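Since we're looking at a predicted model, the values are computed, not measured. Indexing begins at 1, ligand by ligand and atom by atom, following the structure's order.
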Amino acid sequence: MYAIFITGANRGIGLEFVKQYAHDQHHVFASYHPACPFDELQKLAAQHKNISLIPLDVTNEDQIACVAQQLEHKPIDILINNAGIFGRDQDLATISACQMVQVFTVNAVGPLLMAKHFINHVATSTLKTIASVSSRMGSISYVLEHKGLTRAYAYRTSKTALNMIMANIALDTYDKGIKILLFHPGHVATALGQQVQGVMIDATTSVAGMRKLILEAPRSLEKFFYTYSGERMPW
Ligand SMILES: NC(=O)c1ccc[n+]([C@@H]2O[C@H](COP(=O)([O-])OP(=O)(O)OC[C@H]3O[C@@H](n4cnc5c(N)ncnc54)[C@H](OP(=O)(O)O)[C@@H]3O)[C@@H](O)[C@H]2O)c1
């Protein structure tokens with residue numbers, strides 16, 4: 001049985017991670033943005049004693065530090081940085097500094113702060129894994145090759161930054177034996193996924209694929225950005 005900490009666990013891909021890990025009897029720390037409804041997560045926690053609910057805004061460093069302190073000496077096998085926002089008004093004519101900063105803060109700074117405060121919890125665990133849900137929209141080569149993709153200045157750059165942050169964390173923590181992974185989860189039918197046009201897959205398939213890779217992908221300093229189905233993503 002592993003201990004897994006998931007951010008943004010009240011809906012979408014995060015909630016599906018909770019369902020699958022809890023079903024397999026792992027101990028799940030399911031964190032959710034305190035200001036938002038979490039009825040479905042609450043119902044799930046009522047059915048599974050192995051789910052602990054944790055209110056946590058990933059942009060609030062004091063909250064993150066406080067939760068990390070409460071869980072001091074508790075090894076976390078897999079930290080899943082899942083919380084994210086798409087943002088709005090993101091073409092060249094409408095993008096604003098405010099929108100750039102807001103999306104960057106949730107999607108890139110949040111995972112950095114989580115890693116900063118939970119690194120010892122992860123380092124003292126068995127699996128020692130930090131997996132972050134990125135996107136192919138953060139891959140510069142992919143975006144240049146697929147010119148028809150939705151323009152989204154804030155979202156795309158926030159995911160590129162997330163990838164670079166995790167590359168730095170991989171270098172900084174390699175000696176501690178920590179495995180860093182980044183995923184494009186597919187185009188998934190969630191509230192966020194519906195903001196981009198195109199064919200969607202379900203969260204069950206996406207999460208099952210990422211879970212398999214979390215266990216099977218080798219620890220590497222070069223190859224750690226994958227699609228949910230295991231293809232390597234270009235940077
Ligand atoms: N769906 C896709 O096609 C797709 C594709 C590529 C990458 N992704 C990535 O997958 C991840 C999950 O997205 P999703 O599709 O499941 O979207 P979603 O259904 O919109 O869920 C996003 C989750 O993030 C949470 N969140 C947002 N801001 C937060 C904050 N400051 N602190 C804590 N939690 C916060 C949301 O909580 P609230 O309910 O409180 O808002 C929600 O639980 C994101 O990182 C996204 O960028 C998704």
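- The closest donor-acceptor contact from the side chain of D24 to the backbone of H26 lies at 3.5 Å or more, if one exists at all.
- Those atoms of ligand 1 with a heavy atom of C36 less than 4.0 angstrom away are 38 (P), 39 (O), 40 (O), 41 (O).
- The contact set between ligand 1 and G193, taken as ligand atoms under 4.0 Å from a residue heavy atom, comprises 1 (N), 2 (C), 3 (O).
- No N or O atom of P185 sits closer than 3.5 Å to an N or O atom of ligand 1.
- Residue, atom and distance of the protein heavy atom nearest to atom 24 (O) of ligand 1 are G84 N, 3.3 Å.
- Residues I64 and D57 share a closest heavy-atom pair of CG1-O, 4.2 Å.
- In this structure, a donor-acceptor pair under 3.5 Å is present between the side chains of H117 and E61.
- Contact atoms of ligand 1 toward L56: 32 (N), 33 (C) (distance under 4.0 Å to a heavy atom of the residue).
- I178 is listed as a side-chain neighbour of I119, based on a closest heavy-atom distance under 4.5 Å.
- Closest non-hydrogen pair, A83 versus N107, comes out as O-OD1, 4.4 Å.
- In this structure, R219 satisfies the cation-pi test against Y174, with its NZ or CZ atom closer than 6.0 Å to the six-membered ring centre and inside 45 degrees of the ring normal.
- Nearest to atom 14 (P) of ligand 1 by heavy-atom distance, out of N82, V196, V109, T190, is T190.
- Every atom of ligand 1 with a heavy atom of I85 under 4.0 Å away is listed here by number and element: 27 (C), 28 (N).
- Across all their heavy atoms, G177 and K128 have their closest contact at O-CD, 3.5 Å.
- The option with the heavy atom closest to atom 25 (C) of ligand 1, from among P37, G138, P111, G8, is G8.
- Here the shortest heavy-atom distance to atom 35 (C) of ligand 1, taken over A83, P34, S134, A9, belongs to A83.
- Residue nearest to atom 39 (O) of ligand 1, selected from R11, Q63, M200: R11 (by heavy-atom distance).
- Ring pair F38/Y32 is parallel by interplanar angle, where below 30° counts as parallel and above 60° as perpendicular.
- Judged by the shortest distance from any of its heavy atoms, G186 lies inside the 4.0 Å radius around the atoms of ligand 1.
- Of all the listed residues (V188, I13, N10, V133), V188 holds the heavy atom that lies closest to atom 3 (O) of ligand 1.
- The closest donor-acceptor contact from the side chain of H187 to the backbone of G193 lies under 3.5 Å.
- The closest non-hydrogen atom to atom 17 (O) of ligand 1, taken over N81, L192, I64, comes from L192.
- Under a 4.0 Å N-O distance rule, the pair E40/K19 qualifies as a salt bridge.
- With ligand atoms numbered from 1 in the order given, ligand 1 contributes 6 (C), 7 (C) to contacts under 4.0 Å with heavy atoms of S135.
- Per-residue contacts place H187 under 4.0 angstrom from the following atoms of ligand 1 (heavy atoms of the residue considered): 3 (O).
- The shortest N or O to N or O distance between D57 and ligand 1 is under 3.5 Å.
- The backbone N or O of T7 lies less than 3.5 Å from a partner atom in the side chain of N82, making a donor-acceptor pair.
- Applying the 4.0 Å criterion to heavy atoms of Y155 picks out, from ligand 1, the atoms 6 (C), 7 (C), 8 (N), 9 (C), 46 (C), 47 (O).
- Protein heavy atom nearest atom 29 (C) of ligand 1, with residue, atom name and distance: H33 CD2, 3.5 Å.
- For the residue pair T160 / N163, no side-chain donor-acceptor distance below 3.5 Å is found, with atom types taken as modelled.
- Looking at L71 and F118, their side chains come closer than 4.5 Å, going by heavy atoms from C-beta outward.
- At least one heavy atom of K159 sits closer than 4.0 Å to an atom of ligand 1.
- Atoms of ligand 1 lying under 4.0 Å from at least one heavy atom of V106, given by number and element, are 28 (N).
- Among all non-hydrogen protein atoms, the one lying nearest atom 32 (N) of ligand 1 is V58 N, 3.0 Å.
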